[in-house]
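Comments concern the structure below.
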Amino acid sequence: MPESPLIPLVGTIDKITSETAASDIKTFQVSFDDPAVMDNFNYQSGQCAMLSMFGVGESMISITSTPTRKGVIEFCIKKTGRVTDAIHEAVAGQKLGIRGPYGNHFPLEMMKGKNLLFIGGGFALAPLRSLINNVLDNRKEYGRIDIVYGARSPGDLCFKYELFENWTKYENTGVHVTVDRGDDKWTGPVGFVPPYLESLNPSAKDSVAITCGPPIMIKMVLQSLSKLGFADDQVVTTLEMKMQCGVGKCGRCNVGGKYVCVDGPVFTLTQLKQLPPEF
Amino acid sequence: MLMTIAPDNLKNLLDKLARDRLLVAPSMEDGVTRLKPVHSAAEIAFDYSNTATSIKDFLFPQSEDLLRFVTDGTLSIEEIKPERAQVAFGLRPCDLASVALMDKVLLGGEFSDAHYQTRRNNTLLIGLACENPADTCFCTTYGYNPGWAGAADVMLYKDGDKYLAEALTDKGRELVGGPGEGLFKPADEAAGEAVKKAYAEKDVPFGKEVDVQGIDKILDGFFYDQYWDDISKKCIGCGTCTYVCPTCHCFLLTDEARGGQGLRFRCWDSCMFANYTKMASGANPRPTKKERVRQRFMHKLNYYPNRYGGSYLCTGCGRCVAMCPVGLHIAGVIKDVKGVKAHA
Amino acid sequence: MSAIFTDHQAALRDEVRKLLTDGTIKGFIGYARGRDSYHPAPAIVTRPDQVDGLILDQFCIFGLTKYLLDYIFEDGKMGIVAKGCDSLALQRLITDHRVSRDKVHVIGLPCAGVINAEKVAQLGLGNVQKVTDKGASFLVEGDKGSRELAKTEYLWDKCLWCEHHNPAVADSKLGPEVENVAMKPRDYSDIEAMENLPPAEKAAYWTRQFSRCIRCYACRNVCPACNCRECVFDIADPRWVGNTVKLSEQQMFHFTRAWHVAGRCVDCGECERVCPMELPLMKLQHKLQKDIVKLFGNPKPFEPSEVEVLGQFRATEDPEEFM
């Protein structure tokens, strides 16, 4: 093992799944080349890892697979910059560097026995997917589960198999999908996530809402949740900041006194409201 | 145990050390005295108030190789370790104090920075108390003083025509008993303690002007103050303050590759740069000078003490006071926030 | 030769207060007291209550015009105080179409030279109370002593050969114009001396200089000719200059910058003055100026013009055959 936490370990991209019509979002299943490392890679839903494309750089990506399904590590990545462009160009079998896991995780203890309301937008369903599969794998420990998800168009929806075939099979579980603009084949709801969420009118009683999405969606969703009666400590979200080290040293991802890479990315709305609005 | 060493013997010792390790010392070049690698004691400047650059350059260098990689078809990664032994001579109390502040960040927490740790282990720190603090020095603001030994392995105090010396760590004692054998003489303890006391009590005029007491708490409620708007307008967004600062430690990681092989480096970065927090998506949580200037001072005077317990992330070395092109420095901010105007 | 800046401080404050109050300008870029009486700092004020913090004294060297770029996307006018040299910098920004003249209210400051604070601060005069213009010298009175300082020795170098004592661009002026003659002719003898050094000595000299660079970019950020919308050194993709600190990267940065501002440099000397590592950056510009004078017959390459030497191409006059 390298001495420095900044040194990645060698891994392989085992499988690549294109999520969207434009192929700008793909899910990469990876493994560490050293079986012992693979075996000891213990993470929790909500955590991230730093992926390296050598010669290009590193990028912090949330882990979209669930720790309840050992042996599978997946990252859902949108093509947004130099590193993610390079990852998107990769083919199965290609090597990459991985270090992590980093950051805190979704507060599963606080969710036990509660109704869970997941609200996601675009490819930010990725961190939620880890948690959704995690709680579904322990279905009996939670109350009702509702998943509200939206994307710009039907072609932009991620994880379609799970959305439309897998998650719907679980008992007492609802999947509600909306798109900003439909197409010829789309028969589901059309509209932005926040008003759609309000129209579903989920109960705040004994519930926890977990939301991830683009900043503007989060802002509106938080207002909707407040209208629906969710208290700040019933709302959980994640923050995204530029990161370099991932281990609380390089001093760039802080929001006020909190470092998103080690203190985050998961925050309750109560915690978020104590931070300055620099995210 | 206190000892003395004659200037010639000190030079002999430094010459001897330069033979088997990297000797870093204050040296004047084209009018600038800074800490730099020197080949012998002859290149060392002994008459200076402070060096333009700090010990940070050698414990946490501006760019540092982390790993070597080969990507032709497969991938192999080799960690690069900073193996070379170094001795840094002539460190002022402000720099000696800065090391403890850097240790908290880089060695503390769940992850320890191995490269920094290796350099810390491999570096012998020889301090030199301040005879003449500059008019930009304000170490006493933070409770340090011109004789503060901080992280020094050996601390020297100029005392007339000789130096009073104290070995403070095992590494320091090994130096005195090893390469320094026969060069040090026992000192009169009482006289030596008096010299140390005189240095500790030496006047630092600017330090008296800057009172930091309680600023961490004041800043808890100062984030939204108009002050940051006013003060940040004159920042030109260069990295001078952060790069000459002995405690600023923000960095980035970057690769350079050619023909299937390359290096990954760690380089200093600056929270004053506009792109510092800009994400791949184009979003930037600190889009203007206001957020960036506020970040730097909040980090030093509020976030750091809150996170690491007490100390401020500044040692009053005065480099930013002397070198900021627009006079936007931490001493001025402390005075302003506490109600004594130093800036417009 | 003239009155000194301090004599105009009250008039400046009055005018700025009036301009802010009547809405002519939304902010003013001037000077305020810095860490001591030798180092006035730039100050940008937006409210009348801040105006009394503005100062003018014979140490006000900082070229303020670059700040105007912070306001180009906002409505309204900014006010600024400009000496002759600063007005060249302003012309640079206007000529480069980065600042529009009608969005700046310029209070011109005729100038007989600015005292080099770095030299005077060493003299132990203490807190400066008063500076008097004695013609060939300035009398500097501090609370710990007074000295009469010969201008030829204590002004900034650029002030000695300055031929732009009066602002070329101004909406109003503080005080009467001053005699517009250089104290000594501009000469490039130091550059000639360097040109005549053996190559190895030249290389050693510049290697030492560029090795000292800490890549803080203060030189670039203060330079009125470095006014690109996005600097090539800030672009991550493609990355023209690496982040690592090593001689080749430093050279790449400084040479690129030097040649990019060649023929556009207004000779304000701010890059060299703000450099924390004291790199002699103006030597590069003076070499380029000297070459431009000689090769292109432009006697004053530091005066901004629409027709820059390196910004035009006249095929019929080009001596290079292959072009």
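Proteins get letters first, then strands, A, B, ... in listed order; numbering begins at 1 in each.
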Grab the two heavy atoms, one from [X] and one from [Y], that are nearest each other, plus how far apart they are.
X: A:E278; Y: B:P285; value: O-CB, 3.3 Å
X: B:Y276; Y: A:K242; value: O-CD, 3.5 Å
X: B:Y224; Y: A:P276; value: OH-CA, 4.1 Å
X: A:P8; Y: B:R264; value: CG-NH1, 3.6 Å
X: A:D263; Y: B:R307; value: OD2-NH1, 2.8 Å
X: B:F223; Y: A:P277; value: CE2-CD, 4.0 Å

From [X] atom [atom1] to [Y] atom [atom2], the distance as rounded to the nearest 0.5 Å:
X: A:L6; Y: B:L67; atom1: CG; atom2: CG; answer: 9.0 Å
X: A:K78; Y: B:S281; atom1: NZ; atom2: OG; answer: 9.0 Å
X: A:M53; Y: B:D255; atom1: CE; atom2: CG; answer: 11.0 Å
X: A:S52; Y: B:I77; atom1: OG; atom2: CD1; answer: 7.0 Å
X: A:C245; Y: B:L253; atom1: SG; atom2: CG; answer: 7.5 Å
X: B:M279; Y: A:M60; atom1: CE; atom2: CE; answer: 13.0 Å

TODO: Please determine, among A:V255, A:T84, A:V83, A:V10, the option with the most heavy-atom pairs under 4.5 Å with chain B.
DONE: A:V10

Task: Among A:C253, A:P2, A:G55, A:C250, residue most engaged with chain B (heavy-atom pairs, under 4.5 Å) - done: A:C250

Given heavy-atom pairs under 4.5 angstrom as the criterion, report whether the side chain, backbone, both or neither of [X] touches chain A.
X: B:T71; value: side chain
X: B:F251; value: both
X: B:Y116; value: neither
X: B:E256; value: neither
X: B:R294; value: side chain
X: B:K278; value: backbone
X: B:N275; value: backbone
X: B:Q117; value: neither
X: B:F265; value: neither

Engaged part of [X] at the chain B interface, taking heavy atoms whose separation is under 4.5 Å:
X: A:Q94; value: neither
X: A:D33; value: neither
X: A:V262; value: side chain
X: A:F279; value: backbone

I'd like to know if the side chain of [X] reaches the main chain of [Y], judged simply by a donor and an acceptor atom lying under 3.5 Å from each other, with no hydrogens or angles considered.
X: B:E110; Y: A:V247; value: no
X: B:E79; Y: A:I7; value: no
X: A:K249; Y: B:V105; value: yes

Task: Geometric class of the A:Y102/B:F111 ring pair [parallel <30°, tilted 30-60°, perpendicular >60°] - done: perpendicular

Task: Greater than 12 external heavy atoms within 6.0 Å of A:F192's CZ - done: no

Only pairs of heavy atoms separated by less than 4.5 Å count here; which of [options] has the most with chain A?
options: B:G108, B:A114, B:C248; answer: B:A114
options: B:P287, B:A257, B:C250; answer: B:C250
options: B:H249, B:M298, B:R286, B:H115; answer: B:R286

Task: Full working for side chain to side chain donor-acceptor pair (under 3.5 Å) between B:D269 and A:Q244 - done: CA-CA 11 Å; B:D269 203 350; A:Q244 286 278 335; 5.9 Å; no

